[in-house]
Structure formats: C-alpha cells, structure tokens
Amino acid sequence: MMEKKASDRYCLGIESTADDFSVGISTFKGEILANIINAYTPEEGGIHPREAARHHAEVASKVLEESFIKAGIKPNELAAISFAQGPGLGPCLRTGATIARALASYLKIPLVGVNHCVAHIEVGKLQTGAKDPITLYVSGGNTIVAAFDSGRYRVFGETLDIALGNCLDVFAREAGLRQKADMPFGAMVEKLALKGKMLIALPYTVKGMDTSFSGLLTATVNLLKKGKFKLEDLCFSLQETAFSMVTEVTERALAHTEKKEVLLTGGVAANKRLQSMIKGIAEEHGARFCTVPSQFAIDNGAMIAWTGILAYEQGMVTPIDKSFVKLRWRLEEVEIPWIR
Ligand code: AMP
Ligand code: MG
C-alpha cells in the first residue's frame, strides 16, 4: 500500500457482487492507498443473496470509514466513485450500487459503473506488470479464460455450469468441513490434498473450450458418501482433475493467441498446485507466468477503483438514472478503449 502525495487524484471503488463487501481507494496513477475487504461467512450452507446483502449493508459504513483512515484522505478529496455494476447477485449488487450513488450524489462527483470481470483482469495487470496476458480467472462465481482482442476482452472458454471455486466449496461442505474467516474451503481442500496419494478416476469434462464441474462434483460427493476412499485422496483427485481441465483450456488459448503472459487470478489462484500447473504450461510456451497477490486476486474494492479510473479517463461515466445493476453483464460486452 502506497502513501498519498499532494498532487494525487483519487477514486473510491465499491465491490459487492457476492459474498465480499470491499472498498478500495486508488490514485489516478494506480497506487492503491486502501483495500478493505469484509467477507460474509454463512453459518452453514452456501451464500444466500439476501443474507449477504444484509451483511454488506451492515458493514458498509465501517468499511468505508476504515478505507478513508487507511488512505489518509477525506471524502471531499475524491474525484470519482466507481462500483461493481455486474455480473453478480442482485441484492448484493444493489446494496453496493445504492451506496455508490449516494456518495457520488452527495459529493457531486462522477459515478462509474465497472464490470467485475474486467476489474479482475485490470488489477491483475496493474499488480504484476502484465501488459497483454491470457487470463485464467477462477473464483467462487466465475471460471473464465480470456484475452484482449480488437477492443474487448474475449472469452475463450468458461464453465458451462458451476464455477471451479464453487465446486471445491460444495465438496468441502459435503465433507463436513467448517469454513473459517482465515481459511476458505478451497484452502482446506488444498491442505488435505497435500496428504493425498491416490489418483481416483473422476469425470473430466472439457467441451470445446468450455469446462463443466457439476458432474465431477456429483461423482466426488458420491464416492465420499460411499466411504471407500480417504478424504485426502478425494481432495487430491478432485483438484488434479478440475485443475487439469482449466489448465488444458488455458494452454489451448495460449497456443492459439501466442500471448507472452499468463495471468492467474480469482480466489482459487491462491492454490499452489494450480499455480504450478499454470506456470508449467506458461513456461512450455515461453510465456511469463503472473499470479496476483491474494488481496487483489479475491473480490476487492481496489480493482473496482482502478478500473473506474481507466474508464473515467476515457470519459466513461454512468449517469445515476442509468446506473441499474446488470446481473449477467458479460465480459466481452464491455468496450475497453484504454487499450490500443
Ligand atoms: P472469490 O470468489 O474470488 O472471492 O474467491 C473465493 C473462492 O476462492 C472460494 O471458492 C474459495 O474456496 C476459493 N479459494 C480460496 N483459497 C483457495 C485455495 N488456497 N485453493 C483453492 N481455492 C481457494
Ligand atoms: Mg468472494
């Protein structure tokens, strides 16, 4: 995190697409002054959108205050407010959007709606120095292989059903593991997988450039319930199978585009085994492997602040009456005029 300078201009970004409520503050030069993330952890079961939205509303003022303290600036020093306009869960998106609209109106500064997936790529580039990567974005809600071409980020491959992170999370829950604030389900599966020795045959589903994880999840849960295999071996096999699928698709996109960088981001990017697989294919193709530091790989406000700046500098602002949230806003729908 950087110090502020007298000549700096700032944007505050709000992320609230799913389970995390986060506020980031960035200078127009891309120095991140604050990135406060407050995660909603359900007592049991998956994310209930309305419960998560209630969490976001409850923690919002605290997170905003902390971010101003951390950045060492006052609200009236901001030049713009950006927010994740989509894709995501309706109630969660609407909570963040309402706060962003209120702040922008009160401070009389522009509002900038940002696509969450674009923001993951842009902050990844900012943090790693990657210029034009193939990106593998794997999180609780998304599994996307994308790269820039002709004015937009193009989706080369994606999941046809659930996201990779969601697959790991549901399996962990079925196995009776209990999520903690500092230990997400995916990290628990990773830890158990390190002790696994046996590779159990599981459904490997790549269709064209797309992946599917629901059959894999069902098969792994069924084997778990039969009780014939050790949990460690199931975690190991689930990881090996699921990670090989996304690695295969990423490698094909890399071979096709001949890009010189591979960017791994999203919450699942923290996984060391996945990192080593993606690093392996990057090296084979003479590309640089770039992985994003965890606080900028998971859902975070800094990525929204930074992407808001990139858009704002191109004159892209979002009038309040057009700032409705877009639950299914696809990555390739967004024009990216800041890349030439
Ligand atoms: P995000 O959706 O980007 O906020 O990331 C959350 C997702 O990342 C959840 O599905 C987590 O289980 C997953 N995750 C976090 N740490 C790890 C890890 N070490 N290995 C695999 N998945 C992880
Ligand atoms: Mg999250």
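As the structure lists them, so they are numbered: ligands from 1, and atoms in each ligand from 1. Along the sequence shown, the residues carry numbers beginning at 1. All values derive from a computational prediction rather than experimental measurement.
- For the Mg ion (ligand 2), protein N, O or S atoms closer than 2.8 Å were enumerated as D19 OD1, D20 OD2, with waters left out.
- Distances below 4.0 Å separate heavy atoms of G165 from the following atoms of ligand 1: 10 (O).
- Nearest-residue assignment for atom 7 (C) of ligand 1 (options C167, G140, A187; heavy-atom criterion): G140.
- Ring orientation note: the planes of H56 and F21 are tilted relative to one another, at an angle of 30° to 60°.
- The shortest contact between atom 10 (O) of ligand 1 and any protein heavy atom is with D169 OD2, 2.8 Å.
- Not one N or O on the side chain of R9 forms a donor-acceptor pair closer than 3.5 Å with the backbone of A80.
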Going through the checks in order, is the side chain to side chain contact (heavy atoms under 4.5 Å, CB included) test met by V114 and W306? CA-CA 10 Å; V114 164; W306 172 236; over 6 Å; no
Distance-only donor-acceptor pairs under 3.5 Å for side chains of residues 84-112, two or more places apart:
residue, atom, partner, partner atom, Å
Q85, NE2, F324, O, 2.9
T95, OG1, P91, O, 2.8
T98, OG1, R94, O, 2.6
R101, NE, S323, OG, 2.6
R101, NH2, S323, O, 2.9
S105, OG, R101, O, 2.6

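- Among protein heavy atoms, the minimum distance from atom 20 (N) of ligand 1 is reached at N271 ND2, 3.1 Å.
- For residues 206-218, the side-chain hydrogen bond (donor to acceptor under 3.5 Å, both in side chains) pairs, not counting sequence neighbours, are D161-S212, D161-S214.
- Closest approach of G165 and V268 over heavy atoms only: CA-CG2, 3.6 Å.
- With respect to the salt-bridge test (charged N to carboxylate O, under 4.0 angstrom), the residues K260 and D132 do not qualify.
- Evaluation of the side-chain hydrogen bond (donor to acceptor under 3.5 Å, both in side chains) test over residues 271-282, restricted to residues two or more places apart or in two chains, returns Q239-N271, E240-R273, R273-S276, K279-E283.
- Of the polar atoms of G266, none of the N or O atoms is found under 3.5 Å from an N or O of ligand 1, judged by distance alone.
- Here atom 16 (N) of ligand 1 lies nearest to P184 when heavy atoms of A18, S22, S139, P184 are compared.
- Short contacts between ligand 1 and L168, defined as distances under 4.0 Å to a heavy atom of the residue, involve ligand atoms 21 (C), 22 (N).
- Here the straight-line distance linking atom CG of N115 with atom CD of E333 works out to 8.0 Å at 0.5 Å rounding.
- The closest protein non-hydrogen atom to atom 5 (O) of ligand 1 is G267 CA, 3.2 Å.
- On a distance-only criterion, E190 and ligand 1 share at least one N/O pair closer than 3.5 Å.
- Taking atom 4 (O) of ligand 1 as the reference point, the nearest protein heavy-atom neighbour is D20 OD2, 3.3 Å.
- In this pair, H55 and Y40 present their aromatic rings tilted. The plane angle is within the 30 to 60° band.
- Separation of atoms CG (L199) and CZ (F236) is listed at 5.5 Å; rounding is to 0.5 Å.
- When only interatomic distances are considered, the shortest N/O to N/O separation between G186 and ligand 1 falls below 3.5 Å.
- In terms of polar-atom proximity, defined here as any N/O pair under 3.5 Å, F243 makes no such contact with ligand 1.
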Stepwise, does the salt bridge (Lys or Arg N to Asp or Glu O under 4.0 Å) test hold for K125 with E122? CA-CA 5 Å; K125 286 160 59 186; E122 290 302 342; 3.2 Å; yes
